[in-house]
Novice: 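Take this structure, written in structure tokens, and hold onto it; I'll ask about it next.
These figures come from a predicted structure and were not determined experimentally.
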Amino acid sequence: MKHARVIFEGREHTGTAHEFNGQPDAAVRLDDGRIVPQEQLTWLPPLAPTPRPRTILALGLNYADHAKELEFKAPEEPLVFVKGQSTLIGHRQHTHRPAGVQFMHYECELAIVIGKTAKNVKRADAYDFIGGYTVANDYAIRDYLENWYRPNLRVKNRDTCTPLGPWFVDAADVPDPMALALKTTVNGTVTQQGNTRDMIFDAPFLVEYFSRFMTLSPGDLILTGTPDGVVDCKPGDVVACEIERVGALINTIQGKA
């Protein structure tokens with residue numbers, strides 16, 4: 001099932017994806033039974049609040065073609081950085097592009113949502129600890145980049161730089177997360193295509209790897225990296241990141257002084 005968190009008529013709701021005007025997932029059936037089209041809702045990241053700060057782990061250069069695009073050698077073990085919760089925004093929200101920036105690009109990524117506490121998990125059991133999946137768009141500003149192997153805070157930890165959603169999709173509804181097509185469009189033009197099968201480090205490996213040295217808790221996120229095909233995004237651009245079986249995340253770039 002596809003789950004959502006939204007605000008409608010001043011109140012936060014949970015809901016599920018619903019058909020509208022013949023289009024699948026074009027509306028949300030709210031927890032009070034009302035069916036509301038997507039554009040009438042204010043979308044929140046589709047994750048329940050947690051009593052503790054959410055850990056957000058993000059992979060860099062996890063697709064060999066993206067590493068080649070950036071003229072870097074593919075990593076031999078996961079290249080990981082940590083993100084803050086203030087980076088997260090919902091579907092159909094705005095991401096700020098700072099004034100004077102020369103190159104800011106999207107990164108369409110499959111996000112793993114941990115479903116139960118994971119410590120020293122074996123690869124063969126890893127899927128038992130995944131609650132579901134969502135789409136992430138992990139924007140980066142190349143102007144601020146000092147080293148792709150160690151992206152500094154301003155590159156990846158700015159407020160609003162990581163749209164998430166629209167749906168949280170139960171793991172049971174994504175039988176093979178390592179065979180999903182990814183696509184990004186900017187103003188309706190396809191600029192990026194790939195498939196999760198091309199990840200260097202797949203989902204079971206990542207759950208095993210992280211849980212060896214840290215405890216993963218329900219609601220934690222693993223952003224699994226992006227394929228090649230990133231382009232500069234300007235204020236006013238509408239960016240749509242779509243992953244097969246998971247959803248299409250729409251986001252608009254907004255200029256900021």
Side-chain angles (χ1 to χ4, degrees), residues 1-3 17 25 45-47 56-70 72 74-81 83 91 105-115 118 121 123-140 148 156 162-186 190-211 216 220-231 239-251:
M1 186 172 290
K2 294 180 176 178
H3 308 271
D25 302 347
L47 306 172
I56 306 170
L57 301 164
L59 274 289
L61 305 180
N62 196 30
Y63 287 75
D65 57 1
H66 184 49
K68 182 178 180 181
E69 176 184 34
L70 300 174
F72 274 85
E76 295 180 2
E77 70 174 278
L79 166 60
V80 190
F81 52 93
K83 297 176 64 70
H91 177 55
H105 64 78
Y106 54 77
E107 294 188 2
C108 178
E109 308 196 15
L110 178 68
I112 297 168
V113 185
I114 298 299
V121 173
R123 177 186 173 89
D125 301 324
Y127 282 120
D128 294 339
F129 293 83
I130 295 176
Y133 306 91
T134 188
V135 182
N137 182 351
D138 192 15
Y139 283 102
W148 277 106
K156 290 288 191 175
T162 311
L164 201 71
W167 316 108
F168 166 77
V169 183
D170 294 323
D173 293 326
V174 187
D176 188 358
M178 303 317 305
L180 303 175
L182 296 84
K183 179 177 71 175
T184 302
T185 64
V186 178
V190 176
T191 55
Q192 180 183 48
Q193 294 189 85
N195 196 291
T196 58
R197 73 169 65 95
D198 297 323
M199 286 184 196
I200 298 169
F201 305 107
D202 64 12
F205 177 95
L206 293 172
V207 172
E208 178 185 54
Y209 176 82
F210 289 124
S211 71
L216 301 175
D220 286 350
L221 293 169
I222 303 174
L223 277 55
T224 57
T226 197
D228 71 346
V230 296
V231 300
V239 181
C241 295
E242 184 172 358
I243 300 181
E244 182 183 5
R245 304 184 74 97
V246 182
L249 171 65
I250 298 172
N251 165 248

Novice: SG/C108 to CD/Q192 distance, rounded to the nearest 0.5 angstrom?
Specialist: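 Nearest 0.5 Å value for the SG-CD distance: 5.5 Å.
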
Novice: Between Y133 and A171, what is the shortest heavy-atom contact and its length?
Specialist: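 Smallest interatomic distance, heavy atoms only, reads CE1-CA, 3.9 Å.
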
Novice: With side-chain contact (heavy atoms from CB on, under 4.5 Å) as the test, would you mind laying out the steps for V135 and E242 before giving the verdict?
Specialist: CA-CA 7 Å; V135 182; E242 184 172 358; over 6 Å; no

Novice: Could you give the distance from OH (Y63) to CG (D198), rounded to the nearest 0.5 Å?
Specialist: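 So the OH of Y63 and the CG of D198 are separated by 7.0 Å.
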
Novice: Could you tell me which non-hydrogen atom of P227 sits nearest to which non-hydrogen atom of L182, and how far apart they are?
Specialist: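 Where P227 meets L182 most closely, the heavy atoms are CD-CD2, 4.2 Å.
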
Novice: With the side chain counted from C-beta on, respond yes when L206 and P78 share a heavy-atom pair under 4.5 Å apart, and no when they do not.
Specialist: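 Yes; the side chains approach each other to less than 4.5 Å.
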
Novice: Please round to the nearest 0.5 Å and tell me the distance separating atom CG of D202 and atom OG1 of T224.
Specialist: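 If I round to the nearest 0.5 Å, the distance is 10.0 Å.
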
Novice: Rounded at 0.5 Å granularity, tell me how far CD1 in I243 sits from CG in L110.
Specialist: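 Separation between the atoms: 5.0 Å.
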
Novice: Which pair of heavy atoms, one from A181 and one from N195, lies closest together, and at what distance?
Specialist: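 What the structure gives for the nearest pair is N-ND2, 3.7 Å.
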
Novice: How close do A179 and E244 get, heavy atom to heavy atom, and via which atoms?
Specialist: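 Scanning both residues, the minimum pair turns out to be O-OE1, 3.8 Å.
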
Novice: Going by side-chain contact (heavy atoms from CB on, under 4.5 Å), M178 matches just one of L180, D176, V174. Which one?
Specialist: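 It is D176; the other options fail the test.
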
Novice: Can you tell me how far apart SG (C241) and CD1 (I250) are? Round to the nearest 0.5 Å.
Specialist: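 Rounded to the nearest 0.5 Å, the SG-CD1 separation comes out at 10.0 Å.
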
Novice: Taking N137 for the side chain and L164 for the main chain, is one N or O donor matched with an acceptor at less than 3.5 Å?
Specialist: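 Side chain of N137 to backbone of L164: no pair is present.
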
Novice: Grab the two heavy atoms, one from I130 and one from A203, that are nearest each other, plus how far apart they are.
Specialist: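 I130 and A203 have their closest heavy atoms at CD1-CB, 4.4 Å.
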
Novice: CD1/I114 to CG/L221 distance, rounded to the nearest 0.5 angstrom?
Specialist: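 Between atom CD1 of I114 and atom CG of L221 there are 8.5 Å.
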
Novice: Indicate whether any N or O donor in one side chain lies under 3.5 Å from an N or O acceptor in the other, for D125 and Y127.
Specialist: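 Side-chain D/A pair, D125 to Y127: absent.
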
Novice: Using side-chain heavy atoms (C-beta onward) and a distance below 4.5 Å, is V231 in contact with H105?
Specialist: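 No. Closest side-chain heavy atoms not under 4.5 Å.
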
Novice: Can you tell which of I112, V80, L57, I56 makes a side-chain contact (heavy atoms from CB on, under 4.5 Å) with L223?
Specialist: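 With L223 as partner, side-chain contact (heavy atoms from CB on, under 4.5 Å) holds for just one option, I56.
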
Novice: Among D170, V246, V169, T134, exactly one meets side-chain contact (heavy atoms from CB on, under 4.5 Å) together with K2. Which residue is that?
Specialist: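 The residue from D170, V246, V169, T134 that satisfies side-chain contact (heavy atoms from CB on, under 4.5 Å) with K2 turns out to be V169.
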
Novice: State which residue, out of T226, T185, V239, fulfils the side-chain contact (heavy atoms from CB on, under 4.5 Å) condition with Y106.
Specialist: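 Answer after filtering T226, T185, V239: V239.
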
Novice: Out of the candidates K83, E107, E109, only one should pair with T162 under the side chain to side chain donor-acceptor pair (under 3.5 Å) rule; please name it.
Specialist: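 Option passing the side chain to side chain donor-acceptor pair (under 3.5 Å) with T162: K83.
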
Novice: Compare every heavy atom of A118 with every heavy atom of F129, then report the nearest pair and how far apart it is.
Specialist: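 Smallest interatomic distance, heavy atoms only, reads CD2-CB, 3.7 Å.
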
